K.L.:
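Just dropping this structure here.
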Amino acid sequence: MGLFADKYPDVPYEEKSRLWEQVKADPRFPTYLYGCYECGICVAACPSARFYDFSPRKIAQAAAREDIELIFEQMNDDVWNCSQCFSCNRCPRQNSPGGIITVLREVSVKNGLKSAKQALEGYSRIIYKIMGTGTQVSPDMLQPDAFPDWGPQVRAVSADLDVWRRALPPETLHTTSTGWQVDDKTIIELYLIWHHTGVMDMIAEVDEGLHMILNDVMEEKLEEAGYEA
Amino acid sequence: MTANAPASIIPYNAVNTKSSRTFERQAEYAPEDFHDHLFELEAEGEWIVQRVPEPYVEVMTKFGRKKKIPLELTWHHKSCGQCGHIPGYSTAIFWLNRKLNFKYIDPTDQTSCTAWNYYASATSNAPAQAGVAMRNFAAAYETGYFPLIHCGTSYGHYKEVREEMMHHAEMRHQVRDVMKKLGKPLVMPEEIVHYSEWIHAVRDRIAALQTRDFSNLAVTVHPACHYYKLVQEDAIYDPDIYGGQRTATVSALIVALGAQVRDYSTWFDCCGFGFRHILVQRDFTRSFATRRKIQVMKQEANPDVVITHDTGCVTTLDKSQFVGAAHGLDVGVPVMSDAQFAALAMGAHPYRVCQLHWHSTEYRPLLEKMGIDHEKAWAEFQEDLKDLKSGKKEYLTWEDVDA
Ligand code: SF4
Ligand code: SF4
């Protein structure tokens, strides 16, 4: 039993424990946690702690005490607030609360937790972009309706995008739908990496639709290049 | 303190302070020197270590060790956010290389490190991330040129990958097998080098070619989290900059260019980028960038410009100010990279090279202070655009830029 009231009593303890075992089995995890003094240095450095009801100290504490119910709660309610800036790496015990969060998030995604699906709502097109094209953000993403809070300058970029891109001296930057020109062969190699490292299975867990679209795009290119997807 | 500067408890000359004490960098507190392990693994036939090509400059890192920074023969690992949304950033890096007569490759056999997505959505895993890194490293190795990493996140993440690949044989072998399927060798560079470290290493050469006087400029520096907080031991420190107590990268360049570095109390704070936040939860990003960074800089240091050295930091600190201004916050400081700032110092065109029209916060008063006739420069650029639109020219070329 943990120190706090269980916020998710409907989820069996065994299930929470199973997820925690996956976190502990990650090869990165032991190097992200060496015990915790509860000094709060990580909290003082943490941008997300200033904005949300969020604390890297609590993450490190729960993980160090193996408070399985609290860890499950954090996987659902806290981890997506982290900015992954790693300011918390100044921990005097050499912990990386941000790194623990990276692993907690991955286990949430791998197991298709509802909270992970919610956190990634609206994010699919970005995953599609990075996995499908090899560059994460593209010039044509700069549309006024996507970034209304960035002011009128976004409209200026999008209005003359093709010409503005051709006004860039580096030859690789004349693209509009990718950050730079990426060779077909390079993209195929990237697809093979996704397939051989289990990333496609992770996508299937959180977003079936996206998985289908990505798979179609990849299969076609891989087959053309003589690989089996 | 200059006459028009606000009263502040922060000493402006903090960048030049030297302590009366000498703080030895004690080896017992330092993490292991990864080089030993790197070369051991090479001796065991586990991978190839790509050596830093000569000529290189040696700089000091956090725990007093030396790091080799190549001058040329660099393979430019571009950044998606820079190329996609602030392309004057990447253009300025290439322009500096050209002006310094250094050989480089701007490859098309390069993917993003994909770490923005890794930190934002967790829809990836350690072997996949290592696979992406090692594919890019192998691609660089095949050309004989040495990777120079444009993005702070790629730089920090690749150092995480290096740690994981050194210490987890199982993962290393898994990635080696994936590389075999791609027909590529497993290669780890001797150093992972950020372009801002290269700028740091050549800052005196840049200063020697300076054509614009920056002595009346006040600058605040925002150091990028993934540059010096993530795998911190090989970020650059210099006893002459902040007494060696903070990373010297970026600040040393500003000093070399004769501008004034002004300190502020939230120097250590992140910009608020947040990876997922900048894309889908920008209320956090905007609030943090304006209230914890720009407004604090404005009130404590009143800078003419913020100089930083990473993709997300330029984007966040620049774009967030529009809403901050609408809310009546004390904002309105232009933001650019050290590369653009250095290029402007060396006489680069503000639009053809630095592409400042992609930036949001008003930067024209800064250009005036730099002695740049921005109206004339904009008219020249409009002529370029006319030629591109009419089909007279297909692209603006390096020759056009240098004309
Ligand atoms: S994780 Fe580290 S910095 Fe945070 S409270 Fe624990 S010991 Fe302190
Ligand atoms: S990585 Fe996350 S927990 Fe750590 S300081 Fe940044 S926002 Fe806070």
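As the structure is a computational prediction, the values presented were derived from the model and not from experiment.
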K.L.:
By a 4.5 Å heavy-atom criterion (distance strictly below it), what part of Lys393(B) contacts chain A: side chain, backbone, both, or neither?
P.N.:
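Contact with chain A is through the backbone of Lys393(B) alone.
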K.L.:
Check each atom of Gln232(B) against the heavy atoms of chain A and say whether the ones under 4.5 Å are side chain, backbone, both or neither.
P.N.:
side chain
K.L.:
Relative to chain A, which segment of His167(B) carries a heavy atom at a distance below 4.5 Å: side chain, backbone, both, or neither?
P.N.:
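No part of His167(B) comes within 4.5 Å of chain A.
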K.L.:
With only heavy atoms counted, which part of Thr311(B) is less than 4.5 Å from chain A, the side chain, the backbone, both or neither?
P.N.:
neither
K.L.:
Considering only heavy atoms, which portion of Ala224(B) lies under 4.5 Å from any heavy atom of chain A: side chain, backbone, both, or neither?
P.N.:
neither
K.L.:
If I measure from the heavy atoms of chain B, does Lys185(A) come under 4.5 Å with its side chain, its backbone, both, or neither?
P.N.:
side chain
K.L.:
Measure distances from Asp106(B) to the heavy atoms of chain A and classify the residue's part below 4.5 Å as side chain, backbone, both or neither.
P.N.:
both
K.L.:
Sort Ser48(A) into side chain, backbone, both or neither according to what part of it lies under 4.5 angstrom from a heavy atom of chain B.
P.N.:
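Both parts, heavy atoms under 4.5 Å.
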K.L.:
So what's closer than 4.5 Å to chain B heavy atoms on Cys88(A): side chain, backbone, both or neither?
P.N.:
neither
K.L.:
Examine distances only and state if a side-chain atom of His85(B) and a backbone atom of Met141(A) form a donor-acceptor pair shorter than 3.5 Å.
P.N.:
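Between the backbone of Met141(A) and the side chain of His85(B) there is no qualifying donor-acceptor contact (under 3.5 Å).
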K.L.:
If you define the side chain from C-beta out and look only at heavy atoms, does anything of Trp116(B) sit under 4.5 Å from Thr135(A)?
P.N.:
no
K.L.:
By a 4.5 Å heavy-atom criterion (distance strictly below it), what part of Glu163(B) contacts chain A: side chain, backbone, both, or neither?
P.N.:
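Nothing of Glu163(B), per the 4.5 Å heavy-atom cut-off to chain A.
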K.L.:
For Trp150(A), is the NZ or CZ atom of Arg286(B) found under 6.0 angstrom from the centre of its six-membered ring and inside 45 degrees of the ring axis?
P.N.:
no
K.L.:
Quick check: do Glu121(A) and Val280(B) have side-chain heavy atoms less than 4.5 Å from each other?
P.N.:
no
K.L.:
Would Val199(A) and Thr123(B) count as a side-chain contact (heavy atoms from CB on, under 4.5 Å) here? Give the steps.
P.N.:
CA-CA 7 Å; Val199(A) 174; Thr123(B) 51; 5.6 Å; no
K.L.:
Which answer fits Thr397(B), side chain, backbone, both or neither, if we ask what part of it has an atom under 4.5 Å from a heavy atom of chain A?
P.N.:
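Backbone of Thr397(B) only, per the 4.5 Å heavy-atom cut-off to chain A.
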K.L.:
Pick one of side chain, backbone, both or neither for Glu160(B), based on which atoms fall under 4.5 Å of a heavy atom in chain A.
P.N.:
side chain
K.L.:
Tell me, for Tyr351(B) versus chain A, whether the close heavy atoms (under 4.5 Å) come from the side chain, the backbone, both or neither.
P.N.:
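Tyr351(B) has no heavy atom closer than 4.5 Å to chain A.
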K.L.:
I need the minimum non-hydrogen distance between Trp80(A) and Ser121(B), along with the two atoms involved.
P.N.:
CH2-O, 3.4 Å
K.L.:
Given the rule in the side-chain contact (heavy atoms from CB on, under 4.5 Å) test, do Val132(B) and Trp194(A) qualify, once you have shown the distances and angles that lead to the verdict?
P.N.:
CA-CA 9 Å; Val132(B) 172; Trp194(A) 300 142; 3.9 Å; yes
K.L.:
List the steps, then state whether side-chain contact (heavy atoms from CB on, under 4.5 Å) holds for Glu171(A) with Trp398(B).
P.N.:
CA-CA 9 Å; Glu171(A) 298 80 7; Trp398(B) 287 118; 3.9 Å; yes
K.L.:
Would you compute the distance between atom CG of Asp149(A) and atom OG of Ser320(B) and round it to the nearest 0.5 angstrom?
P.N.:
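The OG atom of Ser320(B) is 8.0 Å from CG of Asp149(A), to the nearest 0.5 Å.
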K.L.:
Relative to chain A, which segment of Tyr119(B) carries a heavy atom at a distance below 4.5 Å: side chain, backbone, both, or neither?
P.N.:
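The answer is both parts of Tyr119(B).
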K.L.:
Is the Phe284(B) ring parallel, tilted or perpendicular to the Phe51(A) ring (thresholds 30°, 60°)?
P.N.:
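Ring orientation of Phe284(B) relative to Phe51(A): perpendicular.
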K.L.:
Which atoms of Val163(A) are under 4.5 Å from chain B, going by heavy atoms: the side chain, the backbone, both sets, or neither?
P.N.:
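Contact with chain B: backbone and side chain both.
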K.L.:
Donor-acceptor pair, Asp109(B) side chain versus Asp183(A) backbone, under 3.5 Å?
P.N.:
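Checking the backbone N and O of Asp183(A) against the side chain of Asp109(B), no donor-acceptor pair under 3.5 Å is found.
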K.L.:
For residues Lys181(B) and Tyr227(A), determine if any side-chain heavy atom of one lies less than 4.5 Å from a side-chain heavy atom of the other.
P.N.:
no
K.L.:
Heavy-atom distance under 4.5 Å to chain A: side chain of Met179(B), backbone, both or neither?
P.N.:
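Side chain only.
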K.L.:
side-chain contact (heavy atoms from CB on, under 4.5 Å), that's the test. Do Thr114(B) and Gln136(A) meet it? Break it down for me.
P.N.:
CA-CA 7 Å; Thr114(B) 75; Gln136(A) 166 114 14; 5.8 Å; no
K.L.:
When you compare the side chain of Arg291(B) with that of Arg50(A), does any pair of heavy atoms fall below 4.5 Å?
P.N.:
no
K.L.:
Which heavy atom in Gly84(B) sits nearest to a heavy atom in Arg165(A), and how many Å separate them?
P.N.:
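Looking at all heavy atoms of both residues, the closest pair is O-NH1, 3.7 Å.
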K.L.:
So do Leu192(A) and Arg135(B) actually touch side chain to side chain, heavy atoms under 4.5 Å?
P.N.:
no
K.L.:
Are any of the side-chain heavy atoms of Gln110(B) and Thr186(A) separated by less than 4.5 Å?
P.N.:
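Side chain of Gln110(B) against side chain of Thr186(A), heavy atoms only: no contact under 4.5 Å found.
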K.L.:
Using atom types as modelled and distance alone, determine if a side-chain donor or acceptor of Arg166(A) lies under 3.5 Å from a backbone N or O of Glu394(B).
P.N.:
yes
K.L.:
Would you call Glu164(B) and Arg28(A) a side-chain contact if the rule is heavy atoms closer than 4.5 Å?
P.N.:
yes
K.L.:
Please state whether the side chain, the backbone, both or neither of Asp207(A) comes within less than 4.5 Å of a heavy atom of chain B.
P.N.:
neither
K.L.:
Would you call Gln153(A) and Lys319(B) a side-chain contact if the rule is heavy atoms closer than 4.5 Å?
P.N.:
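Side chain of Gln153(A) against side chain of Lys319(B), heavy atoms only: contact under 4.5 Å found.
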K.L.:
Under 4.5 Å heavy-atom distance to chain B, tell me which part of His196(A) shows up: side chain, backbone, both or neither.
P.N.:
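His196(A) touches chain B through backbone and side-chain heavy atoms alike.
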K.L.:
Side chain from CB out, backbone as N, CA, C, O: work out which of these in Thr153(B) comes under 4.5 Å of a heavy atom of chain A, or both, or neither.
P.N.:
neither
K.L.:
Select one option (side chain, backbone, both, neither) describing which atoms of His277(B) are under 4.5 Å from chain A's heavy atoms.
P.N.:
side chain
